[in-house]
Protein chains: 2
Amino acid sequence: MSDQFKPLSTAPTAVMDAPVTRSRNRAPNSSPQGVETVALGASQSLSDSLYRGLRASIMSVDLLPGTPISENDIARSKGVSRTPVRAAILRLADEALVEVVPKSGTFVGRIPLSALPEASIARRTLEMMIVQSAARLATSAQIDLLKANIEEQFEMVARDDISGFHEQDSIFHKSIAEIGQLPKIWKFIETIKTQIDRFRRLTLPHAGRMAQVADEHARIFAAIAAGDEEKASQEMHRHLSGLQNYFANGVAAHPQYFIQDIDLSKIPNI
Amino acid sequence: MSDQFKPLSTAPTAVMDAPVTRSRNRAPNSSPQGVETVALGASQSLSDSLYRGLRASIMSVDLLPGTPISENDIARSKGVSRTPVRAAILRLADEALVEVVPKSGTFVGRIPLSALPEASIARRTLEMMIVQSAARLATSAQIDLLKANIEEQFEMVARDDISGFHEQDSIFHKSIAEIGQLPKIWKFIETIKTQIDRFRRLTLPHAGRMAQVADEHARIFAAIAAGDEEKASQEMHRHLSGLQNYFANGVAAHPQYFIQDIDLSKIPNI
DNA sequence: ACAGATCTACTTGTATGCAAGTTAATGTGA
DNA sequence: TCACATTAACTTGCATACAAGTAGATCTGT
């Protein structure tokens with residue numbers, strides 16, 4: 001059962017055999033065994049750009065959970081065939097951002113409540129470790145840049161610029177990961193917190209919380225600048241705790257947006 | 001730009017309008033707003049079973065990194081069309097288990113060395129937290145089951161049954177996550193450690209290490225049984241550290257299996 | 001014998017058509 | 001008026017055909 005996918009070409013890897021079938025080698029297109037694995041910046045592919053557009057619409061909750069989406073409609077509206085649309089939707093299905101029901105329909109994914117508590121715990125655990133590393137390794141130049149980011153955040157609070165604040169928020173956490181020399185773990189956290197972000201955008205009142213979040217960020221920054229690993233970790237813990245307080249109200253307001261696959265009263269402390 | 005994917009149906013959500021186009025609702029097929037989100041056990045889909053088969057072959061390094069794979073060949077050998085094969089390959093490409101070079105070819109993914117150090121750190125960090133939770137929450141019944149698993153492991157060592165040992169190893173870690181009531185984080189970890197597992201299967205000598213791993217597991221178990229969170233965490237740290245010792249030799253033996261996108265001499269302590 | 005241009009078989013990406021199944025609307029009976 | 005069978009339009013999953021591009025084999029000139 002394990003050799004059923006062995007390459008079918010009869011010629012082994014040796015090159016001097018009579019090549020019954022041309023054995024194709026690695027395309028020199030791809031990273032030539034060398035140093036860089038830099039992603040291809042431009043989209044280049046129809047299904048890629050469709051994927052990104054759909055994903056952005058779902059993550060911004062511009063498309064609400066449960067909304068039916070039709071491969072045919074999207075294909076017609078974009079003037080392409082179903083094939084690249086379908087490829088994009090299948091990718092989103094792997095991320096649980098859409099739910100595909102065979103022979104019936106496709107829907108913007110409802111948020112699985114059972115995923116949120118452990119996603120929150122995992123994110124907090126990793127970011128506590130990351131910020132410890134950052135407090136240990138930060139250079140004065142990096143601290144200056146981070147301080148500028150904090151000031152930007154308070155500027156956004158003053159302007160009441162929510163989307164601008166979210167952007168600076170994201171840069172803050174990403175920068176800490178870079179300072180801690182763990183940038184790929186931040187990438188991983190971004191996938192972990194996907195459903196958490198959707199939950200927050202759906203249920204949390206953004207206005208009041210901005211100032212508090214900026215304060216929490218400032219305390220984390222201060223600990224990093226002071227090189228106090230333990231304090232930085234504790235402040236990050238505070239910053240990333242307390243999500244469960246919003247569960248009951250958020251779900252009660254819009255139950256149709258969620259897959260209620262856990263007992264909301266039994267959520268552990270996060 | 002953000003409303004380009006709004007559903008096209010002219011009818012709003014209200015049901016009393018004259019339905020120019022039938023507005024389709026959620027299929028009662030899918031989880032009916034209820035409690036369970038249980039995955040559909042049976043494969044049901046051609047592309048699903050192709051995906052699982054290919055993934056197993058790649059993870060077991062039965063298909064070596066860099067091996068060219070052809071959608072047409074697989075389709076012919078399985079007696080299906082390219083469509084489901086292609087869907088499976090695209091899923092694998094998202095996991096970096098295959099590399100697709102447009103208009104050129106598809107290859108079993110080489111292991112990106114730059115991903116390994118941070119994956120190892122993230123995994124260790126999460127499992128240290130999980131085992132602390134397990135040491136805190138373990139019931140005596142759970143401890144008995146875990147003890148039986150440890151005994152199985154030593155049995156496998158005695159029998160020199162490598163694949164059997166790997167299975168018990170996996171059960172050990174998964175059981176700890178269940179005891180710690182964080183089973184979904186173990187699922188996360190399984191995706192994190194994908195490339196690490198491939199690296200180990202390619203480069204590590206399994207024979208000698210089995211006994212040592214079983215011993216490390218036994219020490220973790222003892223700390224859990226004693227309810228000693230700190231000790232359990234430390235033993236897990238020891239168990240999951242030291243991968244970097246194998247980097248240089250493993251890569252030197254088979255450089256073509258890896259994307260050497262980092263300087264091997266600059267790998268941090270993991 | 002060797003270097004370079006040309007050619008041809010192969011690759012992935014997309015378009016299109018069909019099959020099986022589901023769901024909402026409609027028809028039918030009481 | 002209501003319950004139930006029928007039907008028709010829509011859905012996703014798969015098969016097939018074509019387009020654009022790549023790379024190895026071959027041919028040509030020296």
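Chain naming here is simple, since letters A, B, ... match the order of the sequence lines and numbering starts at 1 in each.
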Would you mind reading off the distance between [X] atom [atom1] and [N] atom [atom2], rounded to a whole angstrom?
| X | N | atom1 | atom2 | answer |
| --- | --- | --- | --- | --- |
| B:Q44 | C:dA20 | CD | P | 16 Å |
| A:I74 | D:dT12 | CD1 | P | 9 Å |
| B:R76 | D:dT16 | CZ | C1' | 14 Å |
| A:L90 | D:dT12 | CG | P | 10 Å |
| A:E71 | C:dG17 | CD | P | 17 Å |
| B:D73 | C:dC10 | CG | P | 10 Å |
| B:L46 | D:dT12 | CG | P | 18 Å |
| A:I89 | D:dT11 | CD1 | P | 11 Å |

Open item on the list: Does the plane of the ring in B:F247 sit parallel, tilted or perpendicular to the ring in B:F199? Use 30° and 60° as the thresholds.
Closed with: tilted
Given [N], is OP1 or OP2 found less than 4.0 Å from the side-chain N or O atoms of [X]?
| X | N | result |
| --- | --- | --- |
| B:N72 | C:dC10 | no |
| B:S104 | D:dA23 | yes |
| A:S47 | C:dG13 | no |

Open item on the list: Judged by each residue's nearest nucleotide on DNA chain C, which is more toward the 5′ side, A:T83 or B:S70?
Closed with: B:S70
Verify, without hydrogens or angle tests, whether [X] (side chain) and [Y] (backbone) share a donor-acceptor contact under 3.5 angstrom.
| X | Y | value |
| --- | --- | --- |
| A:S120 | A:P117 | no |
| B:E99 | B:R110 | yes |
| B:S104 | B:V101 | no |

Among [options], which is the nearest nucleotide to the side chain of [X]?
| X | options | answer |
| --- | --- | --- |
| B:T106 | C:dT12, D:dC14, D:dG13 | C:dT12 |
| A:R82 | D:dG13, C:dT14, D:dT22 | D:dG13 |
| B:K103 | C:dT12, D:dT12, C:dA15 | C:dT12 |

Open item on the list: Looking at A:E127 and A:R123, is any side-chain nitrogen of the basic one under 4.0 Å from a carboxylate oxygen of the acidic one?
Closed with: yes
